[in-house]
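Below: the structure, in structure tokens.
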Amino acid sequence: MSKIFVKDYLLTQNNFIERCKNLINEKFKNTPTFFVHSYGCQGNVSEGEKIEGILKEIGFLKVNSLNDANLIILNSCAIREKAENKFFSHLGNVLNLKNSSGDKIVGVCGCMVQQNHILKKIKESFPSVNLVFGTHVIDKLPEFLFNILTNSKMQCFNISSEENIVENIPILRTSRIKALVPISYGCNNFCSYCIVPYVKGRERSRDFKIIVNEVKGLVEKGYKEITLLGQNVNSYGKDLNLNNAFLKLLQEINLIKGEFKVRFMTSHPKDFSKELIEGISKCNKVCKHFHLPVQSGCDEILKNMNRKYTKKQYLEIIDYIKFLMPKATFSTDIIVGFPGETYENFKETLELVKKVKFNAIYNFIYSKRIGTKAAEMEDLIKKEEKTKWLEELIKTQNEISYENNKKYVGKIENVFFEDVLNGDENFMVGKTEGNIMVTCKKDEKKIGNFCDVEITKAHRTKLEGKLI
Ligand code: SAH
Ligand code: SF4
């Protein structure tokens, strides 16, 4: 195993932070502005918050529109072709805006630019991009910006595979009540369809104490929902030679004083031990919502996906969680139309979905990713056929979600209210511990708090309730 270096942002960048600040003062009459857009998973959103934190620190001001921004950064996602197409179409629009207004700096970063063919396409087809930087060098943004501000030609900054952990990067958090806290970066699992291990590198766990202190600090500042992030949170600490470290981390966080809840994602079924389930059942601050991506309900497909568990093992995990935590809720990810999958195989996934009765499913049609094992596999089923399977899965799940939600009517649920309901100022919106959306007549002082709510009506995707 290669050694992971933990670096300190302040030590490596201090010099550039100061030089950038001075240069910005010289170059701009008014405070320069930035707009960062992060595509894809919560991990990317969390990296976007770091990019914003750095920009704020060196003297840029955040704005909410592309038009108003002097600096625009698009933080890309490579997980599926659709995400990549969306990124290129937005990039085209942003560059049109840059060309018509003349003075914008445009940067691109994230998972897509870690791939050589994408980098080539950006250089050839989007030459007016100013800055390209990979997923392992976000911390060097002050240095890159210093270079850009002194030389406006396109500059690419290593898309290297030097994998490390950098602590002390400033973070501009999107919310004042909910916080994302990465506990590990990268992934070692190499599921055969997935690009993540290639673009995010090997799994690197953050220091146990640093994570606990970060959560403590957030709780002291009033954050009420902490989501621990990693591609495979339950293998946290394996690279640090720690045993059962994810459970120990949850237990330590559970001891922190204050009113808050902890969520985590994503867990991998192959590492979801009985001990972890038993431990979680005793942690009152850990939400009993389990996002456990199954991907397929067919053993042959699971094997070809390199998922390292069987349908039976997956169902045993679910059953044990249900046994120890009867109120637990479940969600999952499913890939439809993996190379070689037949309708018979797919029917096994449908059966599993009916058995588990997930609260929500994130479904994806298989997308070929260059460089992965699955990209070499024969894929004979037409897109139209896969779309039909997907529709069948969605229909099945919609009925299950509605049936699940109806069971809450008349019951009392503890809800964390997060915001005013989008589109209706008279209502507020929150989530139950089981991650189900609840709307309620607005009471401004309840936003940002946990409240007991009587559930009065069920819909497929949400519940309605009244405060008690
Ligand atoms: N680390 C997490 C999630 C990673 S990506 C996990 O292992 O569960 C989120 C989801 O995107 C995956 O769970 C998978 O369902 C989907 N996904 C990943 N690669 C894909 C591909 N090539 N085509 C379609 N869906 C994909
Ligand atoms: Fe991708 Fe599998 Fe790693 Fe998840 S566990 S990020 S699906 S390789």
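We're numbering straight along the sequence, starting at 1. Note that ligands are numbered from 1 as they come in the structure, with each ligand's atoms numbered from 1 the same way.
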Starting from [atom], locate the nearest protein heavy atom and write down its residue, its atom name and how far away it is, to 0.1 Å.
{"atom": "atom 3 (Fe) of ligand 2", "value": "Cys187 SG, 2.3 Å"}
{"atom": "atom 1 (Fe) of ligand 2", "value": "Cys194 SG, 2.3 Å"}
{"atom": "atom 7 (S) of ligand 2", "value": "Tyr193 OH, 3.4 Å"}
{"atom": "atom 6 (C) of ligand 1", "value": "Thr266 CG2, 3.8 Å"}
{"atom": "atom 5 (S) of ligand 2", "value": "Asn189 ND2, 3.3 Å"}
{"atom": "atom 17 (N) of ligand 1", "value": "Arg80 NH1, 3.4 Å"}
{"atom": "atom 6 (S) of ligand 2", "value": "Gln231 OE1, 3.3 Å"}
{"atom": "atom 23 (N) of ligand 1", "value": "Ser367 N, 2.9 Å"}
{"atom": "atom 20 (C) of ligand 1", "value": "Tyr193 CD1, 3.7 Å"}
{"atom": "atom 7 (O) of ligand 1", "value": "Arg307 NH1, 3.5 Å"}
{"atom": "atom 10 (C) of ligand 1", "value": "Asp333 OD2, 3.4 Å"}
{"atom": "atom 5 (S) of ligand 1", "value": "Ile79 CD1, 3.5 Å"}
{"atom": "atom 8 (O) of ligand 1", "value": "Pro293 CG, 3.0 Å"}

Could you tell me if the ring centre of Phe272 sits under 6.0 Å from that of Tyr309?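 Ring-ring flag for Phe272/Tyr309: false, centres at least 6.0 Å apart.
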Could you tell me whether His291 and Tyr362 have their ring centroids closer than 6.0 angstrom?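 His291 vs Tyr362: aromatic centres under 6.0 Å.
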Using a strict cut-off of 4.0 Å, indicate which atoms of ligand 1 neighbour a heavy atom of [X].
{"X": "Arg369", "value": "22 (N)"}
{"X": "Gln231", "value": "1 (N), 2 (C), 3 (C), 4 (C)"}
{"X": "Gln295", "value": "8 (O), 12 (C), 13 (O), 14 (C), 15 (O)"}
{"X": "Ile365", "value": "24 (C)"}

Below 4.0 Å from ligand 1: does a non-hydrogen atom of Val196 turn up there or not?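 Distance cut 4.0 Å: Val196 fails for ligand 1.
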Check the surroundings of atom NZ in Lys388: do more than 12 heavy atoms from other residues, nucleotides or ligands lie under 6.0 Å from it?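 Count not over threshold, so no.
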Should the proximity of Phe190 to ligand 2, defined as any heavy atom under 4.0 Å, be assigned to the side chain, the backbone, both, or neither?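 The backbone, only.
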Pick one of side chain, backbone, both or neither for how Pro197 approaches ligand 2, counting any non-hydrogen atom pair under 4.0 Å.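 Side chain only; the backbone of Pro197 stays clear of ligand 2.
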Under a 4.0 angstrom heavy-atom cut-off, which atoms of ligand 2 come close to Arg307?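 So the answer, numbered in order with elements, is 2 (Fe), 7 (S).
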For His268, the ligand 2 atoms whose distance to one of its heavy atoms is below 4.0 Å: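 In order of number, 5 (S).
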Would you compute the distance between atom NZ of Lys82 and atom OH of Tyr39 and round it to the nearest 0.5 angstrom?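 So the gap between those two atoms works out to 15.0 Å.
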Under 4.5 Å between any side-chain heavy atoms of Tyr343 and Trp389, yes or no? yes
Taking the side chain as C-beta and beyond, is there a heavy-atom pair between Lys373 and Asn306 under 4.5 Å?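 No, too far: nothing below the 4.5 Å cut-off.
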Is Lys261 positioned over the aromatic face of Phe416, cation under 6.0 angstrom from the ring centre and no more than 45 degrees off axis? no
Is a side-chain N or O of [X] found less than 3.5 angstrom from the main chain of [Y], in a donor-acceptor match?
{"X": "Arg202", "Y": "Cys187", "result": "yes"}
{"X": "Asp299", "Y": "Lys311", "result": "yes"}
{"X": "Tyr236", "Y": "Arg206", "result": "yes"}

Looking at atom 2 (Fe) of ligand 2, is there an N, O or S atom belonging to Cys191 that lies under 2.8 Å away from it?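 Here the distance criterion (N, O or S atom, under 2.8 Å) is met by Cys191, so yes.
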Can you classify the ring geometry of Phe190 versus Tyr198 as parallel (below 30°), tilted (30 to 60°) or perpendicular (above 60°)? perpendicular
Pair Glu84-Gln115, side-chain donor/acceptor within less than 3.5 Å: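 Yes.
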Only one of Ile256, Ile253, Leu218 passes side-chain contact (heavy atoms from CB on, under 4.5 Å) with Ile226, and that residue is Leu218
